[in-house]
Amino acid sequence: VVSWTSMVAGYAKNGYCDQALDLFHEMQLAGIEPNVISWTALIAGYVHSGRGHDALVMFCRMQKAGITPSSITVANVLSACIASGALKQGKEIHSYVIRSGFESNVVVGTELLNFYSKFGRIDNACHIFDRMPERDVVLWTGMIGMCTKNEYSVEALKLFREMQLAGVKPNTFTITSALPACAHLAVLHHGKEIHGYIIRRAFGINAIVGSALISMYTKCGSVEDARRVFDIINRRDVVIWTVMIAGYAMHGHGEEALNLFILMQQEGVKPDHITFVGVLSACSHAGLVNEGWQHFNLMSQEYQITPRVEHYACMVDLLGRAGRLDEAWDFISRMPLEPS
RNA sequence: AAUGACGGUACAU
């Protein structure tokens with residue numbers, strides 16, 4: 001069973017769910033009964049490939065086969081419910097969690113928190129968090145992330161302090177979950193405190209931490225601090241470039257933003273649809289009508305990005321601000337999308 | 001041999 005299961009797990013982990021399932025069937029044909037670990041490996045594979053529904057189907061089959069789910073199975077099935085939008089089934093799992101005594105399991109608890117968070121059931125998620133006997137860094141981070149996503153920024157920062165008082169050390173995941181709260185509150189010293197914490201703990205500044213910092217600094221009004229972070233990052237991905245461009249745009253530095261956009265292309269980083277929101281908003285804020293048109297066209301012609309509502313909105317704003325109301329109206333009437 | 005948390009967009013007067 002162990003060798004078969006490790007092979008199934010190997011396929012499943014690397015995104016080959018269908019091959020994993022074939023192997024699973026072969027295993028059964030060979031007269032080996034899959035155990036809870038084999039089933040869970042298969043379910044986890046579907047979850048990781050974003051095939052939540054298929055994972056739930058497998059879970060049903062597993063129960064029909066008379067296999068009792070473990071806490072790890074339950075955690076994966078909750079992920080499957082998140083991936084497939086299955087609120088009702090997730091709630092059933094929650095009651096199973098209570099019946100089977102997995103309530104105090106921190107991995108299951110984290111997944112339940114994510115589940116309720118995903119469905120906007122913040123009270124339920126808080127309830128899970130509150131009655132967790134042991135809270136590790138992942139649970140705290142999940143809770144902080146939920147608060148920031150729902151713009152409970154004061155609570156998020158409070159939790160960030162509380163976890164440290166409880167003796168749990170934040171890691172870079174925690175930091176990138178907490179930084180958007182500082183950005184949302186636009187209180188520079190909160191953000192600087194967390195930046196200081198990053199330095200004290202000697203965490204490196206990778207692309208994820210870097211973009212969270214740059215975004216925070218621009219939203220807190222300090223393009224200078226943002227630029228300092230930007231300059232020390234050696235491997236800049238599309239998000240890093242985008243947040244810096246959007247930061248300049250936000251502060252009306254259109255030229256700077258467009259210069260960065262050129263540099264980004266020279267470095268071979270491909271802009272995506274969000275980059276273009278930044279670029280177009282830079283043109284809009286700086287009144288650069290011609291540049292706006294150029295970049296709007298560049299988006300679809302060079303990068304095969306279909307303009308979305310945000311892009312059209314930027315263009316309308318740009319034309320409107322420039323007093324070109326006829327052109328703006330003409331543009332709106334030609335849009336392939338519903339004006340909002 | 002199976003398990004959980006992380007970064008960027010247009011919004012509004």
Side-chain angles (χ1 to χ4, degrees), chain A residues 1-13 20 27 34-45 47-48 62 69-80 82 102 105-115 117 135-146 148-149 163 170-180 183 203 205-216 218-219 226 229 233 237-247 249-250 271-282 284-285 308-318 340:
Chain A
V1 192
V2 175
S3 359
W4 280 99
T5 301
S6 49
M7 281 175 18
V8 169
Y11 278 116
K13 261 188 197 158
M27 168 181 183
N35 61 16
V36 62
I37 301 179
S38 335
W39 281 100
T40 304
L42 191 61
I43 292 168
V47 171
H48 284 120
M62 168 182 158
S70 69
S71 62
I72 300 176
T73 317
V74 162
N76 275 292
V77 172
L78 283 167
S79 293
I82 295 172
F102 292 143
N105 180 305
V106 72
V107 174
V108 173
T110 304
E111 208 54 78
L112 271 172
L113 188 145
N114 292 336
F115 169 77
S117 162
R135 295 175 190 156
D136 67 5
V137 61
V138 180
L139 183 72
W140 280 99
T141 301
M143 184 66 187
I144 291 171
M146 179 184 72
T148 50
K149 274 188 200 87
M163 75 182 280
N171 59 23
T172 57
F173 284 55
T174 321
I175 281 158
T176 47
S177 300
L179 277 171
F203 292 136
I205 297 189
N206 63 19
I208 297 184
V209 173
S211 59
L213 276 173
I214 294 169
S215 175
M216 177 279 291
T218 61
K219 286 175 181 161
V229 175
I233 296 170
D237 67 8
V238 61
V239 180
I240 291 285
W241 287 98
T242 300
V243 290
M244 197 63 237
I245 289 170
M250 198 183 297
D272 66 12
H273 68 105
I274 304 178
T275 315
F276 276 102
V277 174
V279 170
L280 295 176
S281 101
S284 157
H285 285 134
R308 307 187 182 190
V309 226
E310 309 90 275
H311 304 110
Y312 286 104
C314 290
M315 288 307 290
V316 171
D317 195 58
L318 170 58
S340 52

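Residue numbering restarts at 1 for every chain, and letters A, B, ... go by the order of the sequence lines. All values reported here derive from a predicted model rather than from experimental measurement.
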- Query: Can you find a heavy atom in the side chain of A:Val243 that is under 4.5 Å from one in the side chain of A:Thr218?
  - Reply: no
- Can any side-chain N or O of A:His311 pair as donor or acceptor with the backbone N or O of A:His273 at less than 3.5 Å? yes
- Task: Remember a base hit wins even if backbone is also touched, and classify A:Ala9 as base, sugar-phosphate or nothing at under 4.0 Å, heavy atoms.
- Result: sugar-phosphate
- Select base, sugar-phosphate, or nothing to describe what A:Val243 touches, counting heavy atoms under 4.0 Å on all strands. sugar-phosphate
- Message: Considering every strand and a 4.0 Å limit on heavy-atom distances, what is the contact class for A:Val106: base, sugar-phosphate, or nothing?
- Response: base
- Rounding to a whole Å, what distance do you find between A:Phe203:CZ and B:rG7:C1'? 16 Å
- Task: Please confirm whether any donor atom in the side chain of A:Thr242 sits under 3.5 Å from an acceptor in the base of B:rG8, or the reverse.
- Result: yes
- Message: Counting only side-chain heavy atoms from C-beta out, which of B:rA10, B:rA1, B:rC6 sits nearest to A:Ser177?
- Response: B:rC6
- Could you tell me whether A:Ser70 contacts a base, only the sugar-phosphate backbone, or nothing, with contacts defined as non-hydrogen atoms closer than 4.0 Å? base
- Query: Hey, does A:Ala313 reach any base, or is it just sugar-phosphate, or nothing, if we go heavy atoms under 4.0 Å?
  - Reply: base
- Under 3.5 Å, is there an N or O donor on one side and an acceptor on the other linking the side chain of A:Asp272 and the base of B:rG8? yes
- Item | Side-chain heavy-atom pair A:Met27, A:Val1 within 4.5 angstrom cut-off | yes
- Output the single nucleotide from B:rU3, B:rG7, B:rU9 whose closest atom is nearest the side chain of A:Ala75. B:rU3
- Message: Nearest to the side chain of A:Ser215, heavy atoms from C-beta on, is which of B:rA1, B:rA5, B:rG8?
- Response: B:rG8
- Message: A side-chain contact here means heavy atoms from C-beta on lying under 4.5 Å apart; do A:Val47 and A:Ser79 qualify?
- Response: yes
- Task: Confirm from the modelled atom types if A:Asn76 and B:rA2 form a donor-acceptor pair under 3.5 Å, side chain to base only.
- Result: no
- Note on the structure: Atom NE2 of A:His273 and atom P of B:rA10 are separated, to the nearest Å, by 12 Å
- Rounded distance in Å - CE (A:Met146) to P (B:rC6): 13 Å
- Task: Examine the base of B:rA5 for any acceptor or donor lying under 3.5 Å from a partner atom in the side chain of A:Asn171, and report the outcome as yes or no.
- Result: yes
- Quick one: label A:Ala207 by what it contacts on the DNA or RNA (base, sugar-phosphate, nothing), any heavy atom closer than 4.0 Å. base
- For A:Thr141, which contact category applies under a 4.0 Å heavy-atom criterion: base, sugar-phosphate, or nothing? base
- Quick one: which of B:rA2, B:rG4, B:rG7 gets closest to the side chain of A:Thr176? B:rG7
- Task: Would you mind classifying the nucleic acid contact of A:Glu111 as base, sugar-phosphate or nothing, using non-hydrogen atoms under 4.0 angstrom?
- Result: sugar-phosphate
- Message: Quick check on B:rG4: is either OP1 or OP2 less than 4.0 Å from any side-chain nitrogen or oxygen of A:His48?
- Response: yes
- Message: What contact category does A:Thr275 fall into here, base, sugar-phosphate, or nothing, at under 4.0 angstrom with non-hydrogen atoms?
- Response: base
- Query: Taking the side chain of A:Thr110 as heavy atoms from C-beta outward, which of B:rG7, B:rA5, B:rA10 is closest to it?
  - Reply: B:rA5
- Query: Can you tell me how far C1' of B:rA10 sits from NZ of A:Lys219, to the nearest Å?
  - Reply: 12 Å
- Task: Please work out if A:Thr174 contacts a base, only the sugar-phosphate, or nothing of the nucleic acid, heavy-atom cut-off 4.0 Å.
- Result: nothing
- Query: In terms of side-chain heavy atoms of A:Ala212, which of B:rG7, B:rU3, B:rA1 is nearest?
  - Reply: B:rG7
- Item | Value in whole Å for how far the P atom of B:rA5 lies from CG of A:Leu112 | 13 Å
- Query: So which heavy atom on A:Ser281 is nearest to which on A:Cys314, and how close?
  - Reply: N-SG, 4.1 Å
- Would you find more than 12 non-hydrogen atoms of other residues, nucleotides or ligands less than 6.0 Å from A:Phe102 atom CZ? yes
- Residues A:Thr275 and A:Asp272: side-chain donor-acceptor under 3.5 angstrom: yes
- Query: What is the distance from CG of A:Leu139 to P of B:rU3, rounded to the nearest Å?
  - Reply: 19 Å
- Message: With syn defined as a glycosidic angle within 90° of 0 and anti as the rest, where does B:rA5 land?
- Response: anti
- Message: With a 4.0 Å cutoff (strictly under), does any side-chain N or O of A:Lys149 reach OP1 or OP2 of B:rA5?
- Response: no
- Side-chain atoms of A:Ser211 come closest, of B:rA1, B:rA10, B:rG7, to B:rG7
- Task: Take the protein atom CE of A:Met250 and the nucleotide atom P of B:rG8, then report the distance between them rounded to whole Å.
- Result: 12 Å
- Task: Using whole Å, report how far CZ of A:Arg308 lies from C1' of B:rG8.
- Result: 13 Å
